[in-house]
Amino acid sequence: MRRILKIYKPFTHAGLLLAAQYRINFIFFVFGDILRCFITYFLWHAVFTSGSQQTFMGFSEIDMTVYIFITFLTGIVAYSDGAFAVGEEIRDGSIAMRMIKPIRFEFAFLFQELGERTMTAMIVFVPLMAGVELYKFAMTGALCFNIWCFLLYLLSLTLSYLINFYFNVCYGYSAFVLKYLWGSNLLKDCIVGFLSGGVIPLAFLPAGVGFVLNLLPFASLTYTPVMIYLGMYDAPRILMSLGLQVFWLTFFIFLQRIIWNACARRMSVQGG
């Protein structure tokens, strides 16, 4: 592990510098997502105020508000641009330079993204998490922070990012065939956003559909960590959900190696 960290530490530093260099773009990106969160909040606020019930599918208005903003926070921290980044290197031929270096292809991307995610955590994670807890305190009049749920949320969030990264790298390898992934990557993000509970909680879907989606890897990206943070899962459900995340992470790690070994032998790139 120490040897790996020594080799790939410069990639993490490069990721930090890259995030700092394009900070205006980063700020506008975050601002756009926060604006979307408030639009979603006002939509659900209208749903709760127009109805006679205090809860909807087991969620109170406070729960739904926290769900919206923690979903945003989870999505931005666990975000991975691996699919587009890998696809671009395959398209322009620069992937050939990585292949001749004595490094693991996916590790180079992983550690570079970790640098970018570190910048995101420093700028966004702490203020937004504090804001959510202050909102809960203001609405309930009591300190609702649960340290165990928070720590389990951080563990689940870490697994969520790694699953997302390896899934996107696997998808990025489709550029060996498709050559350009911009359009298909947008479609993939929309589908994954819905299947992961980023649009509406999976609990709002029919029981059979929700059960199946909870077993798929996409629920592990957003829905699982958010539900753990909200305290909606009991201990057995938390252990099962974390175990499912570990399973999908292992699955995509091995799938990534299989696809890479198969595609690298038949590589054909444009440019370079």
Side-chain angles (χ1 to χ4, degrees), residues 4-5 7-12 14-15 18-19 22 29 74-117 120 157-196 198 213 215-224 244-272:
I4 292 176
L5 292 176
I7 294 174
Y8 295 98
K9 183 180 178 181
F11 290 97
T12 304
L18 187 64
Y22 297 103
F29 175 77
T74 302
I76 198 170
V77 173
Y79 173 77
S80 175
D81 195 32
F84 188 73
V86 172
E88 280 296 287
E89 291 211 357
I90 294 173
R91 185 181 68 85
D92 63 22
S94 58
I95 189 175
M97 299 304 297
R98 290 189 186 268
M99 294 179 68
I100 64 176
K101 296 177 181 178
I103 57 174
R104 288 277 293 272
F105 178 77
E106 74 278 10
F107 279 5
F109 279 105
L110 175 61
F111 279 83
Q112 180 175 325
E113 275 205 352
L114 286 176
E116 297 175 14
R117 298 282 72 77
T120 301
L157 178 61
T158 302
L159 293 172
S160 170
Y161 166 70
L162 293 173
I163 294 170
N164 200 21
F165 172 79
Y166 278 100
F167 167 73
N168 274 279
V169 169
C170 289
Y171 185 82
Y173 290 155
S174 64
F176 281 113
V177 177
L178 301 177
K179 303 304 181 185
Y180 192 52
L181 298 183
W182 186 82
S184 63
N185 196 46
L186 288 177
L187 178 62
K188 181 263 298 178
D189 287 343
C190 291
I191 295 174
V192 171
F194 176 78
L195 297 180
S196 65
L213 293 183
L215 295 179
L216 295 178
F218 310 111
S220 295
L221 302 181
T222 302
Y223 190 68
T224 294
L244 197 59
Q245 283 187 298
V246 172
F247 166 77
W248 284 117
L249 174 58
T250 305
F251 172 81
F252 282 118
I253 288 175
F254 281 102
L255 180 62
Q256 179 271 144
R257 292 306 301 170
I258 292 171
I259 298 175
W260 170 252
N261 290 334
C263 291
R265 301 190 189 100
R266 300 172 177 83
M267 185 177 67
S268 175
V269 295
Q270 302 174 8

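Just so you know, these numbers come straight off a predicted model, no measurement behind them.
Ring geometry for F167 against F252 counts as perpendicular: the plane angle is over 60°, on a 0 to 90° scale with 30° as the lower cut.
Of the possible polar contacts, none joining the Q256 side chain to the Y166 backbone as a donor-acceptor pair under 3.5 Å is found. Side-chain atoms of N164 do not come within 3.5 Å of backbone N or O of S160 as any donor-acceptor pair. Under the 3.5 Å distance criterion, the side-chain polar atoms of W248 are matched with a main-chain donor or acceptor of L215.
Interatomic distance, OG1 of T224 versus CG of L244, reported as 7.0 Å (0.5 Å rounding). Atom SG of residue C170 and atom CZ of residue F251 lie 8.0 Å apart, to the nearest 0.5 angstrom. For the atom pair K188 NZ and L186 CG, the distance stands at 9.0 Å (nearest 0.5 Å). For the atom pair CG (L162) and CG (L157), the distance works out to 9.5 Å, reported to the nearest 0.5 Å. In this structure, CD1 in I191 is found 7.0 Å from CG in L195, a value given to the nearest 0.5 Å. The structure places CG of L114 at 8.0 Å from CZ of F165, a figure rounded to the nearest 0.5 Å.
Under the side chain to side chain donor-acceptor pair (under 3.5 Å) criterion, T74 pairs with Y153, not counting sequence neighbours. For Y161, there are no ring-ring contact (aromatic ring centres under 6.0 Å, His included) partners at least two apart in sequence or on another chain.
The minimum heavy-atom distance linking E113 with Y79 is given by the pair OE1-O, 4.2 Å. The shortest heavy-atom contact between L221 and S196 is CB-CB, 4.3 Å. Scanning all heavy atoms of the two residues, the minimum distance from Q245 to I163 falls at O-CD1, 3.3 Å.
No side-chain heavy atom of T222 sits under 4.5 Å from any side-chain heavy atom of V192.
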